[in-house]
Amino acid sequence: MRTPSPDAVDAYLENVLLGQDEVLEDTLARSQQMGLVPHAVSPLQGAFLHTLIKAIDAKRILEIGCLGGYSAIWMARALPEDGNLISMEIIPSVRAVALQNIKDAGLDHKIKVILGEAKKIMDSLIEENQSPFDLIFIDADKVNNSAYWSRALQLSKTGTVIIVDNIVRDGKLIDENSIEHSVVGSQRVLKDIQITPGVTATAMQTVGAKGWDGFAMAVIDDVELARS
Ligand code: DHB
Ligand code: MG
């Protein structure tokens, strides 16, 4: 056998572990039909988020960047009956696609997709004194990752898990001379995570269906310290 590709291994793992899922396949098909960018998490990454949510017994999830609702569906499916997920999307026509996908997945009672700019929405949630989230998935425009991180801390409690998607980008992350806004955004948020007291963090590289990328993951050990 020639050296297999990460893509082929992803296909193998998807086939063995996940099998067919009509709802999620329809979600991706509609998203593509409606011209959405193909930036949804991969099936195995969706299953990772789903598994993590069950492992930490999360009941309240915040997602920054909804797109077609693919990851929101994966995550909301892991929630107990009284759990809920708030997502946000800045483009009205994209949000409309997400709402249809979420409705078809039978999850409209669990997922709310707020229309607007994520920073402003997060500021409103902070101002409203929303009860803290158990898991926050940051997956929107990478240039604002730092702003999302600082706001996520305000929406956290001790024990909250925060994930920041797409930090590696074919290794571009380590180019300290990069002027790409998304790369600089990822470099900045990692430094922010590092200097935030009261958090434990790591980052994992990923290969496969979404190419070479990775995510950072942090858990809040002491929320008062993390906000100080
Ligand atoms: C991009 C954004 C994503 O959230 C992702 O998972 C992959 C790519 C992008 O902006 O290119
Ligand atoms: Mg992403």
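Numbering of ligands and ligand atoms starts at 1, following listing order. What you see is a predicted model, and the numbers here were worked out from it, not measured in a lab.
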Please report, to 10°, the angle around the Mg ion (ligand 2) from atom OD2 (D165) across to atom OD1 (N166).
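Value returned, to the nearest 10°, is 80°.
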
What I want to find out is whether [X] reaches [Y] closely enough, with some N-O distance under 4.0 Å, to be called a salt bridge.
X    : Y    : value
R151 : E127 : no
R77  : D21  : yes
D104 : R30  : yes

Taking non-hydrogen atoms only, is R169 closer than 4.0 angstrom to ligand 1 via side chain, backbone, both or neither?
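Side chain only; the backbone of R169 stays clear of ligand 1.
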
With heavy atoms under 4.0 Å as the rule, classify the contact between D213 and ligand 1 as side chain, backbone, both or neither.
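No part of D213 comes within reach of ligand 1.
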
Side chains of residues 87-98: which donor-acceptor partners sit under 3.5 Å, not counting sequence neighbours?
| from | atom 1 | to | atom 2 | distance (Å) |
| --- | --- | --- | --- | --- |
| S87 | OG | E63 | OE1 | 2.7 |
| E89 | OE1 | L67 | N | 2.9 |
| E89 | OE2 | I91 | N | 3.0 |
| R95 | NE | V113 | O | 2.6 |
| R95 | NH2 | V113 | O | 3.2 |

Distance under 4.0 Å to a non-hydrogen atom of D165: what atoms of ligand 1 satisfy this?
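In order of number, 6 (O).
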
For ligand 1, which atoms have a heavy atom of K142 less than 4.0 angstrom away?
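So the answer, numbered in order with elements, is 2 (C), 3 (C), 4 (O).
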
Just checking: S71, one of its N/O/S atoms, less than 2.8 Å away from the Mg ion (ligand 2), yes or no?
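Of the N, O and S atoms in S71, none lies under 2.8 Å from the Mg ion (ligand 2), which means no.
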
Regarding D139, does it place an N, O or S atom less than 2.8 Å from the Mg ion (ligand 2)?
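It does; at least one qualifying atom falls short of 2.8 Å.
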
Among all protein heavy atoms, pick the one closest to atom 11 (O) of ligand 1 and tell me residue, atom and distance.
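Answer for atom 11 (O) of ligand 1: H39 CE1, 3.1 Å.
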
What is the closest protein heavy atom to atom 3 (C) of ligand 1, and at what distance does it sit?
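Atom 3 (C) of ligand 1 sits closest to the protein heavy atom N166 OD1, 3.1 Å.
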
Quick check: do I162 and W149 have side-chain heavy atoms less than 4.5 Å from each other?
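A side-chain contact under 4.5 Å exists here.
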
Any side-chain heavy-atom pair of E81 and K110 under 4.5 Å
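A side-chain contact under 4.5 Å exists here.
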
Identify the heavy atoms of D221 and T200 that sit nearest to each other, and give their distance.
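Residues D221 and T200, closest heavy atoms: OD2-OG1, 2.6 Å.
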
